[in-house]
Amino acid sequence: MRKAAGVLVLTTLALWAASVRPATSAAPPKAIVQAEAKAAATSRALDGLDAFIESVMKDWKIPGLSLAVIQNGQVIWLKGYGYRDLEKKTPVTPHTLFAIGSISKSFTVTAMGMLVDEGKLDWDKPVREFLPEFKLYDPIASERITPRDLVTHRTGIPRHDMVWYSSDFSRAELVRRLRYLEPSKDIRTTYQYNNLMFMTAGYMVGRLSGASWEEFVRQRIFTPLGMSDSNFSVNDSEKAPDFAMPYQNTKGEVKSISIHNIDSIGPAGAINSSADDMSRYVIFQLGKGSYGGKQLLSANNAAEMQSPQMVEQSSDRYREILLPTYGLGLGVTTYRGHKLVSHGGAIDGFTAELALLPMDNLGVAVLTNLNSDKNPVSVIVAYNVLDRLLGLEPVGWNARFLEDERKSKASEEEAKKKGFTLQKPRTHPSHDLGDYLGEYENPGYGVIGIEREGDNLKLSLNLLSSPLRHFHYDVFETPENPVNPMEQTKVQFFMDVKGEIASLSMPLEPHVKDIVFTRRPPKAMAERSFLESFVGQYEVGGATAMISIQGENSLVIVIPGQPKYTLVPVRGTTFDLKELAGHSIEFKLDATGRVTEAVFYQPGATFVAKRK
């Protein structure tokens, strides 16, 4: 819409210039000549762009793409390509909604900057001053981490993404669980991408503003910029008249996939937007926090966002892109000698790219509806547009990425053909499958359930589930399935000293030790009616042990001359003594189900206590 209007303005100016020229051959005003020359140069630079995009989309099997190009504060290209819905052949428009994934992070930082401008937040004071309940695994880091640390990926904590991806934990609950997530580095030493920290930053925005992150961003960013298409949830996108379906490329076949709700992690990546709306955001960012003549974010904080804060690790593979760093919610590097501020976005079935050349007043937003692991197209298109408008010979990014993909496939096929595997053949589990069933819990990640599925097992991690097949010994594996985020993940079960399956571990975060889940007792063991059946006196070695219920649902044992011990449910009718490692009690039942005796197990000895 605005592209067409821009063309209309230029045409009107040209007609006006011709109409006011005197009969003599006086030269047209200099400004008009320069504007016409600039428009013509831009047109020549982008000549053939449509054909290039369509070719790249074909190479990578991209269903749909939407593009916005901004130069000198004006939208010079706004167009949709392909389909937002492959099955219905519904075309993409400049207003088609796509998930922008982690580009959302810069919106969260913009909101934080506005609070800093108002004196409600300080980049460099401890987070605990603004969010008292904030607590991390490392108590020193808990006291030192600042809002700036949260949004520069330098807290020392790796991603731990399965905590939020597998669950519907609220933001408050996710913040509470941070204290159980192991760090892998000291604070401010290493760049480690982390969505949970940005979620925390957004949660803090809501607390400080007295509303929610969504409401603050809507009122302070979306509305002033006129971003009327954009929203914060896939649930809202599904109700919109013009939204893109998510797709995944699985072994060369493009299929639609289920929309995954990520509302809880919203400040890190849940915004959905259109090329038209993103063009406004690009103008705002290039305008140093100003839009439509109004300074929405101070120029100082806008500059902070686009200034290096943390050095990223880099292989310097491409000479066109050097010395990558991270600003506040935006990457900062160079592209062919020009300062590049950018951020990618990737979430189930969508991949996007925001690329700004602030010193050249150029910006590009590319939105696509295909998963990121088979989709470098948003970057390819963004760089090609920048090459054209900078007047440089375009780099063959598409050919480079296609060659990388070819080599990757060839390497994977070679490994398969040669039969390379870690699996030990002809092994079996140490227990019957029924012994592995139950619930296992980690205070950070939540609950894993193991149940029977025919002759095999089934695993569920919070809201996600998958079949579980024996791999070797007491290690099981989720099967190959490209749409399952837990695809081919190993699960290892562990026994306690009594030979019982007591815990399991999964490599859910590769930068720390495998995450351990401890077996939970059956829920029935915590019910008062169940515990009451064990209450009574038991005679053991001439002494009488008294077992009673303390509080609501806690079983305790008192033996004369000894402290009181708490009985912790394990499974069946077996309890561990909380205060004595290696000690347990198993209650025995007769044929009628009545408790007749208790067996006391301790290191080096076993005793039978008869019930009186």
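Heavy-atom basis, side chains included; hydrogens, waters and symmetry copies ignored.
- R177 pairs by the side chain to side chain contact (heavy atoms under 4.5 Å, CB included) definition with F169, E173, not counting sequence neighbours.
- Taking the side-chain hydrogen bond (donor to acceptor under 3.5 Å, both in side chains) definition, one finds that S209 meets it with nothing, sequence neighbours left out.
- Once rounded to the nearest 0.5 Å, the distance linking CG of N442 with OG of S505 reads 11.0 Å.
- Rounding to the nearest 0.5 Å gives a distance of 7.0 Å between OG of S237 and CD1 of I259.
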Candidate pair F401 and W60, rule ring pair (Phe, Tyr, Trp, His ring centres under 6.0 Å), full reasoning: CA-CA 10 Å; F401 285 121; W60 295 93; 7.1 Å; no

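- Partners of S372 by side chain to side chain contact (heavy atoms under 4.5 Å, CB included), not counting sequence neighbours, listed by chain and number: A346, T351.
- For S104 (side chain) and I271 (main-chain N/O), a donor-acceptor pair under 3.5 Å exists by modelled atom type.
- Among pairs with a residue in residues 325-375, those fulfilling ring-ring contact (aromatic ring centres under 6.0 Å, His included) read H153-Y326, Y191-Y326, Y326-H343, Y335-Y383, at least two apart in sequence or across chains.
- With no hydrogens or angles considered, a side-chain donor-acceptor pair links T368 and N375 at under 3.5 Å.
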Run the salt bridge (charged side-chain N to carboxylate O under 4.0 Å, His left out) test on E143 and R128 for me, step by step, so that the C-alpha distance in whole Å, both residues' side-chain angles and the decisive distance to 0.1 Å come before the verdict. CA-CA 7 Å; E143 300 299 327; R128 285 176 62 84; 3.3 Å; yes

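- One distance of note links OG1 of T93 with CG of D242; it measures 3.5 Å at 0.5 Å rounding.
- By the side chain to side chain contact (heavy atoms under 4.5 Å, CB included) test, S184 is found to be paired with P158, Q192, H511, V512, residues two or more places apart in sequence or in another chain being considered.
- Once rounded to the nearest 0.5 Å, the distance linking CG of D229 with CG of N272 reads 11.0 Å.
- In summary, R179 and E133 do not engage in a salt bridge, as defined by a charged side-chain N under 4.0 Å from a carboxylate O.
- S503 is linked by a side chain to side chain contact (heavy atoms under 4.5 Å, CB included) to F494, V516, counting only residues two or more places apart in sequence or in another chain.
- Not one N or O on the side chain of D122 forms a donor-acceptor pair closer than 3.5 Å with the backbone of T146.
- Residue D277 comes nearest to S273 through the heavy atom pair CB-OG, 3.3 Å, listed as atom of the first residue, atom of the second, then distance.
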